[in-house]
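Here the structure is laid out as structure tokens; the discussion comes afterwards.
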Amino acid sequence: MSWIDIGALEDVPLRGTRLVKTKLGCIGLFRTGEAEVFAASNTCPHKGGPLNEGIVHGRRVTCPLHDMVFDLETGAAQGADEGRIETFPVRIEAGRILLDVTALARSAA
């Protein structure tokens with residue numbers, strides 16, 4: 001794995017999101033109420049809704065356009081919804097958020 005520093009943990013509010021623009025597309029950072037951070041595709045597979053504008057609740061995010069709910073750990077749609085968002089390894093070190101660029105590059109291939 002190859003990790004890059006993409007920002008400070010404090011830059012993402014509790015139960016909030018931030019958008020990370022990369023050459024390979026936009027990634028959403030999602031912070032839970034427990035101060036965990038998840039990285040996933042920012043685009044809802046249903047109609048392309050911007051997930052970084054959704055609601056973070058527990059370890060899930062709700063798309064702001066059509067209320068589809070996705071698990072931030074697995075990327076799987078919840079309930080009766082179908083579909084999946086891509087998730088990426090992320091970790092926190094010394095208050096900094098690190099993203100695995102190897103996994104990001106693999107997803108674009």
Side-chain angles (χ1 to χ4, degrees):
M1 292 185 177
S2 179
W3 300 93
I4 60 166
D5 185 321
I6 56 173
L9 178 61
E10 64 191 32
D11 292 340
V12 184
L14 287 173
R15 291 173 297 285
T17 68
R18 287 293 180 261
L19 184 66
V20 177
K21 294 180 181 181
T22 76
K23 291 180 182 180
L24 303 173
C26 292
I27 303 296
L29 291 180
F30 305 90
R31 187 171 173 190
T32 69
E34 301 297 321
E36 297 172 292
V37 175
F38 295 93
S41 168
N42 189 54
T43 306
C44 178
H46 176 235
K47 294 229 178 178
L51 294 177
N52 72 305
E53 295 178 15
I55 298 170
V56 177
H57 48 102
R59 292 180 164 182
R60 297 177 176 170
V61 63
T62 298
C63 178
L65 295 184
H66 299 100
D67 294 330
M68 289 186 70
V69 178
F70 297 93
D71 183 292
L72 291 168
E73 288 184 276
T74 66
Q78 302 297 288
D81 295 329
E82 294 182 12
R84 174 175 300 279
I85 57 174
E86 192 159 13
T87 60
F88 305 97
V90 65
R91 68 182 192 203
I92 309 296
E93 283 186 9
R96 304 295 297 177
I97 302 169
L98 305 176
L99 178 67
D100 177 16
V101 293
T102 305
L104 182 61
R106 259 194 317 268
S107 76

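Rounding to the nearest 0.5 angstrom, the gap separating the CG atom in Asp5 from the CD atom in Glu93 is 9.5 Å. Considering CD1 of Ile97 and CG of Asp11, their distance stands at 7.0 Å, rounded to 0.5 Å.
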Practice prompt. Apply side chain to side chain contact (heavy atoms under 4.5 Å, CB included) to the pair Thr87 and Leu72, showing each step before the final yes or no.
Written response: CA-CA 7 Å; Thr87 60; Leu72 291 168; 5.9 Å; no

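Ile4 and Phe30 fall into different hydrophobic clusters, where Ile, Leu, Val, Met, Phe, Trp and Tyr are joined by side-chain heavy atoms under 4.5 Å apart, directly or via other members. Residues Leu29 and Phe88 share a single hydrophobic cluster, defined by chaining ILVMFWY side chains whose heavy atoms lie under 4.5 Å apart. Taking hydrophobic clusters as Ile, Leu, Val, Met, Phe, Trp and Tyr residues chained together by side-chain heavy-atom distances below 4.5 Å, Val61 does not share a cluster with Leu19. Hydrophobic cluster membership differs between Ile85 and Val69, with clusters built from Ile, Leu, Val, Met, Phe, Trp and Tyr side chains linked at under 4.5 angstrom.
Checked by atom type and distance alone, the side chain of Thr102 pairs as donor or acceptor with a backbone atom of Ser2 at under 3.5 Å. A side-chain donor-acceptor contact under 3.5 Å links Gln78 to the backbone of Ala76.
No side-chain heavy atom of Asp100 sits less than 4.5 Å from a side-chain heavy atom of Arg91. Counting heavy atoms from C-beta outward, Val20 and Arg18 have side chains that stay 4.5 Å or more apart. Side-chain atoms of Thr32 and Phe38, non-hydrogen and from C-beta on, do get closer than 4.5 Å to each other.
The shortest heavy-atom contact between Arg31 and Pro13 is CB-O, 3.6 Å. A pairwise comparison of heavy atoms in Phe70 and Pro45 identifies CZ-CD, 3.5 Å as the closest pair. Looking at every heavy atom in both residues, Leu9 comes nearest to Ala35 through CD1-O, 4.3 Å. Of all heavy-atom pairs spanning Asp81 and Met68, the tightest one is OD2-CA, 3.3 Å. Residue Cys26 comes nearest to Lys21 through the heavy atom pair SG-CG, 3.9 Å, listed as atom of the first residue, atom of the second, then distance.
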Please list, one pair per line, the donor and acceptor atoms closer than 3.5 Å that link side chains of residues 46-58 to other protein atoms, with sequence neighbours excluded.
| residue | atom | partner | partner atom | Å |
| --- | --- | --- | --- | --- |
| His46 | ND1 | His66 | ND1 | 3.4 |
| Asn52 | OD1 | Asn42 | ND2 | 3.2 |
| His57 | NE2 | Thr62 | OG1 | 2.6 |

